[in-house]
Every structure is written in C-alpha cells, then in structure tokens.
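Just so it is clear: chains get the letters A, B, ... in the order the sequence lines come, proteins before strands, and each one is counted from 1.
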Protein chains: 2
Amino acid sequence: MSSQSISDKQKDLLAAALKLFVQYGFHGTPTSQIAKQAGVANGTLFHYYKTKEDLIVSLYIDIKTRMGQHVEEKAAKDKNPRKDFRNQFIEIILWSLENKDDYYFIQQFHSSPFAALVPTEVIKKQLSKSCAQIEDAIKQKAIKNRDTEFILTLMSSHIFGLSQYLTKAKLADKEQKKIIKDSFDMLWKMIS
Amino acid sequence: MSSQSISDKQKDLLAAALKLFVQYGFHGTPTSQIAKQAGVANGTLFHYYKTKEDLIVSLYIDIKTRMGQHVEEKAAKDKNPRKDFRNQFIEIILWSLENKDDYYFIQQFHSSPFAALVPTEVIKKQLSKSCAQIEDAIKQKAIKNRDTEFILTLMSSHIFGLSQYLTKAKLADKEQKKIIKDSFDMLWKMIS
DNA sequence: ACATTTGTAGAGTGAGCAGTCAATCTATAT
DNA sequence: ATATAGATTGACTGCTCACTCTACAAATGT
C-alpha cells in the first residue's frame with residue numbers, strides 16, 4: 001500500500017489531497033475533486049489507493065517522513081545536548097513555517113479518528129529517535145529526570161504552540177528568529 | 001441560533017453529537033444517528049439547528065462555555081499571580097480529565113475548517129479574561145514581558161500536552177497530582 | 001512479433017446522507 | 001371553547017460520493 005518509490009501521479013495526488021483537505025477538511029473533499037485537481041482520472045486515484053482512508057493515512061505517513069528527513073539533513077549534529085536539541089527545534093519550526101499546509105494537516109490528522117489507523121510499527125519508528133535522544137540527555141543530566149514520554153509531549157506541544165503563534169502573527173524575518181531562539185531558551189529552562 | 005436557555009432535547013442532542021463525533025468524527029456521524037442516539041426524531045434535530053454545521057459550532061460554544069464556567073467557579077482567586085494561575089491551571093487540567101470527550105472535541109474542532117465559523121465576538125470574549133490576566137501579571141513583573149498572545153499560546157499548548165499525556169498514561173491519583181503540580185512549576189519557570 | 005502486466009481513463013452504480021414537508025400533538029393565550 | 005404558535009414526528013427526496021467496471025494504452029518481458 002503506497003510504499004516503495006512514489007510515482008509522479010501519486011505525488012500529484014498527494015499534493016492535491018493535501019491542499020484540499022486543509023481547505024475543506026477530510027469529508028468536505030470528494031475524491032473526485034482530488035483527482036481533478038491532480039489532473040488524473042477518478043479511477044486512477046483508486047488504482048493507487050484502495051480507499052479514501054488509505055489515501056489519507058498514506059498522505060500522513062508521507063508528510064511525516066519528509067519532515068523527518070528534512071530535520072535529519074538540515075539540523076547540525078552536536079555533542080552538547082542543548083545545542084543538539086536547539087538545532088532540531090529550529091529546523092522543525094522553520095519547516096513548519098515553510099510547509100504550513102503539511103503541518104496543519106498533521107494536527108488535523110492527529111485529532112481525527114484516522115489517527116488510530118496508522119500502524120503501530122510506523123508510530124514507534126517515528127518516536128524512537130526522539131525518545132533515545134531524550135533518554136540520552138537525561139543520563140547526561142542535561143535535562144530533568146522525568147518520564148521520556150512526558151518530556152517528549154511537552155516539547156512537541158511547545159513546538160506546536162510556537163508554530164501556531166508564528167503563523168498567526170506574521171512578523172519580519174529578524175523578529176521571527178529572535179522569538180524562535182527566545183522560545184527555545186524558555187523551553188530549555190523548563191526542562192533542564 | 002441555539003442561544004438562550006437550552007431545552008432538554010437540545011441537551012440530549014448535544015450530548016449525543018459529542019459522543020458520536022468523538023468516536024466517528026464529524027463526517028463519520030450522520031445526523032440520523034445523532035437524532036437516534038438522542039432519542040428524538042430526525043426532523044427535531046433540524047428544528048433546533050438549521051444545519052449540521054450549526055449543530056457542530058453550537059456544540060463547540062456550549063462546551064467552551066461550560067469549561068469556562070467550571071474554572072470560574074472552582075478556581076480559588078488569589079492576589080498572587082503565580083497562585084492564581086496555578087489554581088486555574090489545575091482546574092482546567094482536572095476538568096479536561098473528567099471530561100475527556102469534551103476536551104478532545106475541542107481539539108478536533110480547532111484543527112478543522114469549522115473553526116473559522118465561530119463568530120469573532122465569541123472568540124474575543126473567550127480570550128479577553130485570560131489576556132487581561134496575563135497582561136496584569138506582566139505589569140506586576142510576575143511573568144516575562146512578551147506579547148500576550150505568545151504567552152497565552154505557550155500556556156495553552158502546555159496544558160494541552162499535559163492533558164494528552166495524562167490521558168494516555170493512566171496513573172494513580174496521587175501520582176497524577178504530583179505530575180500536575182510539577183508540570184505547572186515547569187511552566188512557571190519557563191514564563192517567569 | 002507477441003504476450004502479459006501495469007497504468008489510465010471516465011462513465012456508471014448503488015448506498016447513504018442532509019435537509020424538507022405535511023401532518024399531528026401540546027401549550028398557552030384569549 | 002377556540003385560536004395561534006411552537007414542538008415533534010418520520011417518511012420522503014434529490015443529490016452527492018466512494019468505489020467499480022470495462023475498455024484501451026503503454027510499458028515490459030520473452
């Protein structure tokens with residue numbers, strides 16, 4: 001199901017679906033519209049995705065994967081936990097601002113019944129790196145000794161909140177970077 | 001539209017809608033099912049709510065109002081900003097845990113196209129108190145001097161994250177209270 | 001060259017849904 | 001008693017939508 005290399009038409013379909021889902025919601029977007037927007041026939045959509053549900057879940061996994069790759073590539077690694085987290089923090093925020101639709105879709109998806117349809121193995125894979133990193137930082141006494149999930153949740157929601165704020169308040173680049181750094185300092189103060 | 005005192009049948013309808021929306025999502029829930037679950041006829045639903053959309057928005061406003069009232073009543077007022085925020089923080093968290101469906105619905109609603117349909121006056125009314133409180137605390141130098149919206153967003157998402165964590169990790173009462181307090185301390189450290 | 005698989009198209013189908021409507025019931029007013 | 005307005009019902013409708021099906025085209029293998 002939508003694994004392996006993704007064809008051009010699949011990319012078009014996912015891009016079209018993203019745009020429309022963000023604008024009209026899952027149910028407000030007929031598959032016919034998605035096909036139209038992607039410039040393919042109705043049947044083609046169902047050739048690649050067995051059901052609409054399959055398309056939605058595939059889109060989610062695709063976005064998450066791309067986001068992960070981006071951070072992996074861009075964020076400079078660092079021995080110092082604080083700097084390491086900071087680099088990743090900044091890259092995620094920047095990505096979320098450059099890909100607002102994608103980020104918004106993830107939120108939408110998370111608080112929908114579709115969230116339950118993501119295979120557990122996929123979820124675990126997504127979390128494993130972050131968890132390991134947090135556990136590492138705890139061992140190094142760089143951050144508070146708390147349940148890993150707890151820390152991760154607080155970090156995620158902090159990032160979510162910041163992204164939301166920056167999206168609403170359209171600021172100049174300089175001002176924005178200032179707030180991002182400030183925001184990380186606040187986060188770090190909280191968990192260190 | 002669904003203002004003024006709410007009749008029993010309306011209450012039944014909202015309760016039914018909440019339950020089903022949380023379980024199956026907005027689109028996965030036909031109005032016919034909502035009516036059935038509420039024990040009224042199909043037409044009765046449309047007597048009270050012009051459209052399904054109207055029902056959804058009304059439900060959101062109803063929940064938000066109830067949540068606000070609950071906090072207003074329960075949270076002990078305090079001259080000390082920190083204590084004042086803490087009391088409210090705790091009450092919101094406890095409410096969210098006792099009313100998981102309601103809280104989940106709010107999230108679902110926020111990241112949906114329906115969010116745009118809430119009248120701006122309603123939104124402003126909801127935010128005014130919190131904003132005033134934050135501005136007050138800033139003047140008293142109890143918390144950092146930042147944009148009010150920024151602080152509010154960080155607080156909201158922190159609460160959201162904590163609620164989510166506590167919902168997943170089912171802990172004993174004592175443990176839970178410990179984490180709530182700890183979590184508030186962390187939040188306060190961040191913004192003070 | 002031919003066979004087989006894979007991709008693409010788009011009209012068609014049947015189920016399900018939001019919302020209507022005419023009829024009946026209830027309540028309050030006069 | 002009677003009139004008026006609101007509440008309640010549930011069968012009905014017209015439309016939308018997810019998904020199917022058949023036919024044809026392109027690629028791939030032999």
Run the ring-centre check on B:H27 versus A:F114 and record whether the distance is less than 6.0 Å. yes
If I take atom [atom1] in residue [X] and atom [atom2] in nucleotide [N], what distance separates them, rounded to the nearest angstrom?
| X | N | atom1 | atom2 | value |
| --- | --- | --- | --- | --- |
| B:K36 | C:dA18 | NZ | P | 14 Å |
| B:H47 | D:dG10 | NE2 | C1' | 16 Å |
| A:K52 | D:dT20 | NZ | P | 15 Å |
| B:N42 | C:dA18 | CG | P | 9 Å |
| B:K9 | C:dT26 | NZ | P | 11 Å |
| A:H27 | C:dG16 | NE2 | C1' | 15 Å |
| A:I34 | C:dA9 | CD1 | P | 16 Å |
| B:L45 | C:dT20 | CG | P | 12 Å |

Heavy atoms from C-beta onward define the side chain here; which of [options] lies closest to that of [X]?
| X | options | answer |
| --- | --- | --- |
| A:A41 | D:dA18, C:dA9, D:dG10 | C:dA9 |
| A:F46 | D:dT9, D:dC19, C:dA9 | D:dC19 |
| B:T44 | C:dT8, C:dC17, D:dT9 | D:dT9 |

Heavy-atom donor-acceptor pair, A:H158 side chain to A:S183 backbone, under 3.5 Å: yes
Give a yes/no on whether any side-chain N or O of B:Y48 is located under 4.0 angstrom from OP1 or OP2 of D:dT8. yes
Distance below 4.0 Å between A:S32 side-chain N/O and D:dC17 OP1 or OP2: no
Would you say that A:Y49 contacts A:L13 through its side chain, given a criterion of any heavy-atom pair below 4.5 Å between the two side chains? yes
Heavy-atom check, side chain of A:F46 versus side chain of A:T31, under 4.5 Å: yes
